[in-house]
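The block underneath contains the structure these notes are about, expressed in structure tokens.
The analysis underlying the following values was restricted to heavy atoms, covering all of them including side chains, and did not include hydrogens, waters or symmetry mates. Quantities reported herein were computed from a predicted structural model and do not represent experimental measurements.
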Amino acid sequence: MEDLKQLAKKAKKRLKTDFWSKTKTQIDESARLAKDKGLNENKIKSFVGQKLQSHLKGEKVDEFYLKVKNLLDKEGEVSDAIGRLTDHEYYATLSYEEKQRYNLELSAKYLKALEKYRKEKEICV
């Protein structure tokens, strides 16, 4: 029951602060800018909508993605990205099999983050 009350309070706050009209204006402005740049308006609206949904759900920022984004912004795509993203202290404590699993999982997370980064850059250009 508490969750429902908290959700209602957040919704009421959004209504009081004119959140929805500001959001609508932001989406329309983003679509207009995309159209001026020759980009797909629907992609922009979808991207902004996804960000809005994650904000409303209260999803936490993905720290790993922020690391990848920072690396890509500063250095670009580098050949040793996995090595740079590795937690070396933790990695040193792992057995050979665990290191292999860690590398595979890190690589998969990196590829997913790279794909997200490329989508953002494509949309925001």
Transitively linked via ILVMFWY side-chain contacts under 4.5 Å: L104 with L114? no

Would you mind listing every salt bridge (charged side-chain N to carboxylate O under 4.0 Å, His left out) that reaches into residues 19-28, with sequence neighbours excluded? K24-D28

N/O donor-acceptor pairs under 3.5 Å from side chains in residues 67-75, not counting sequence neighbours:
| residue | atom | partner | partner atom | Å |
| --- | --- | --- | --- | --- |
| D73 | OD1 | Y117 | OH | 2.6 |

List the steps, then state whether side-chain contact (heavy atoms from CB on, under 4.5 Å) holds for Y90 with L94. CA-CA 7 Å; Y90 173 70; L94 300 176; 3.6 Å; yes

Taking atom NZ as the centre, does K112 end up with more than 12 heavy-atom neighbours from other residues, nucleotides or ligands that are less than 6.0 angstrom away? no

By ring pair (Phe, Tyr, Trp, His ring centres under 6.0 Å), Y96 pairs with (sequence neighbours left out) none

Before accepting this row, confirm whether a basic side-chain N of the pair R32/E29 lies closer than 4.0 Å to the acidic partner's carboxylate O. yes

Which residues pass the side chain to side chain contact (heavy atoms under 4.5 Å, CB included) test with S95, not counting sequence neighbours? E97, E98

What pairs of residues pass the ring-ring contact (aromatic ring centres under 6.0 Å, His included) test when at least one of them lies in residues 61-88, not counting sequence neighbours? none

Results of salt bridge (Lys or Arg N to Asp or Glu O under 4.0 Å) for R101 - residues two or more places apart only: none

Backbone N/O of K13 and side chain of T17: donor-acceptor pair under 3.5 Å: yes

Measure the NZ-NZ distance between K9 and K16 for me, rounded to the nearest 0.5 Å. 11.0 Å

To the nearest 0.5 Å, how far apart are CG in L111 and NZ in K116? 15.0 Å

Sequence neighbours excluded, the answer for salt bridge (Lys or Arg N to Asp or Glu O under 4.0 Å) partners of D80 is R84

Y91: ring pair (Phe, Tyr, Trp, His ring centres under 6.0 Å) partners, not counting sequence neighbours: Y102

Would you please name every residue forming a salt bridge (Lys or Arg N to Asp or Glu O under 4.0 Å) with E63, sequence neighbours left out? none

Find the distance between CG (L106) and OG1 (T86) and round it off to the nearest 0.5 Å. 5.0 Å

Residues which pass side chain to side chain contact (heavy atoms under 4.5 Å, CB included) with R14, listed by chain and number, not counting sequence neighbours: K10, A11, F19, W20, L56

Answer whether the closest heavy-atom distance between the side chains of D87 and E89 falls below 4.5 Å. yes

For S79, give me all partners under side chain to side chain donor-acceptor pair (under 3.5 Å), at least two apart in sequence or on another chain. none

